[in-house]
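The structure appears below as structure tokens.
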Amino acid sequence: MTVREISLVPDEVLRRKAHPVKKFDDTLQALIDDMVDTMRDAPGVGLAAPQVGISERVIVVEYAEPKEVKDSEEPEVVEPKLYVLVNPEIKRKSQETILGIEGCLSVPNLVGEVDRSLSVTVKGQNRYGQPLRIKAGGWLARIFQHEIDHLDGILYTDRAEQVWVPEEPVEDKV
Ligand code: ZN
């Protein structure tokens, strides 16, 4: 497994519409393993194949969704969950949207406020080509929307109402 170089703006690979994956072969398995390594190394909570220079419809997401706890309870330590999605598509998204601050591994030293659907249903395939369906809400829903945008050549800066240079580096880059 290898950490690959992350493509940065204005690399045109970030602006291309990525190709659907048709072959679930060893090359794809190596790409996915490398993408997971690259995401963890960055560190980030999501990565799309164009961000490592490969114009194919593959995303990886690793995020620990916080559980809701009552004030009196100790917050639970939540293990991050890894999602690998090939040919992902947003099948449903909530009308209700929410503003959140995003940073992107391919757009250094910037953050922006982006309006996204509060919840989404994502359909796709796992790394072996089997169908997969994920319902996500909150920050996880935001990560999926950001990563799937990457597959269509869209950057969060295209959608942001404003972008700025943060005083401190942001966590959870995607
Ligand atoms: Zn990004």
Side-chain angles (χ1 to χ4, degrees), residues 1-21 28 31-65 80-91 93 97-124 127 132 134 136-174:
M1 293 203 259
T2 319
V3 172
R4 299 198 189 184
E5 196 180 331
I6 295 181
S7 308
L8 304 177
V9 284
D11 192 325
E12 56 98 34
V13 72
L14 296 169
R15 291 307 193 175
R16 265 189 255 156
K17 198 169 161 66
H19 301 288
V21 171
L28 177 71
L31 170 66
I32 290 168
D33 289 340
D34 289 355
M35 283 175 64
V36 171
D37 278 2
T38 306
M39 169 178 68
R40 288 176 177 164
D41 178 73
V45 293
L47 195 71
Q51 291 182 281
V52 291
I54 304 292
S55 196
E56 291 187 20
R57 304 188 79 81
V58 181
I59 64 170
V60 296
V61 171
E62 188 168 51
Y63 180 63
E65 204 166 7
K81 194 169 174 210
L82 177 66
Y83 301 88
V84 173
L85 270 143
V86 180
N87 301 323
E89 275 177 76
I90 292 176
K91 277 295 173 194
K93 52 182 175 182
T97 59
I98 186 168
L99 282 169
I101 294 172
E102 297 181 17
C104 178
L105 294 168
S106 296
V107 186
N109 308 319
L110 267 190
V111 294
E113 195 168 35
V114 189
D115 203 25
R116 301 272 192 195
S117 289
L118 202 57
S119 61
V120 292
T121 303
V122 181
K123 251 182 90 173
R127 63 191 299 158
L132 206 62
I134 297 164
W139 203 261
L140 187 59
R142 177 174 296 277
I143 301 169
F144 280 124
Q145 290 170 82
H146 179 117
E147 297 313 332
I148 292 169
D149 268 356
H150 271 302
L151 304 181
D152 293 322
I154 299 165
L155 298 173
Y156 83 86
T157 47
D158 304 338
R159 299 197 186 274
E161 316 213 333
Q162 48 175 333
V163 294
W164 65 93
V165 178
E167 279 173 28
E168 286 177 25
V170 283
E171 290 171 25
D172 293 354
K173 282 203 276 289
V174 281

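The shown structure was predicted, so the numbers you read here are calculated from the model rather than taken from an experiment. Order of appearance sets the numbers: ligands from 1, and atoms from 1 within every ligand.
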Legend entry - Steps toward side-chain contact (heavy atoms from CB on, under 4.5 Å) verdict (E147, V174): CA-CA 7 Å; E147 297 313 332; V174 281; 3.1 Å; yes
Inset, instruction - Taking salt bridge (Lys or Arg N to Asp or Glu O under 4.0 Å) as the test, write out the residues that go with K17, two or more places apart. - result: D152
Legend entry - D158 side-chain N/O to L155 backbone N/O, donor-acceptor pair under 3.5 Å: yes
Legend entry - Backbone N/O of I98 and side chain of R142: donor-acceptor pair under 3.5 Å: yes
Inset, instruction - Using side chain to side chain contact (heavy atoms under 4.5 Å, CB included) as the criterion, list what pairs up with P20, not counting sequence neighbours. - result: R57, N87
Legend entry - Under 2.8 Å from the Zn ion (ligand 1) - protein N/O/S, by chain and number: C104 SG, H146 NE2, H150 NE2, V174 O
Table please: side-chain donor-acceptor pairs of residues 103-116 below 3.5 Å, with sequence neighbours left out.
from	atom 1	to	atom 2	distance (Å)
S106	OG	S7	O	2.8
S106	OG	Q51	NE2	3.1
D115	OD1	T97	OG1	3.2
D115	OD2	T97	OG1	3.2
R116	NE	E102	OE2	2.9
R116	NH1	D149	OD2	2.9
R116	NH2	E102	OE1	3.0

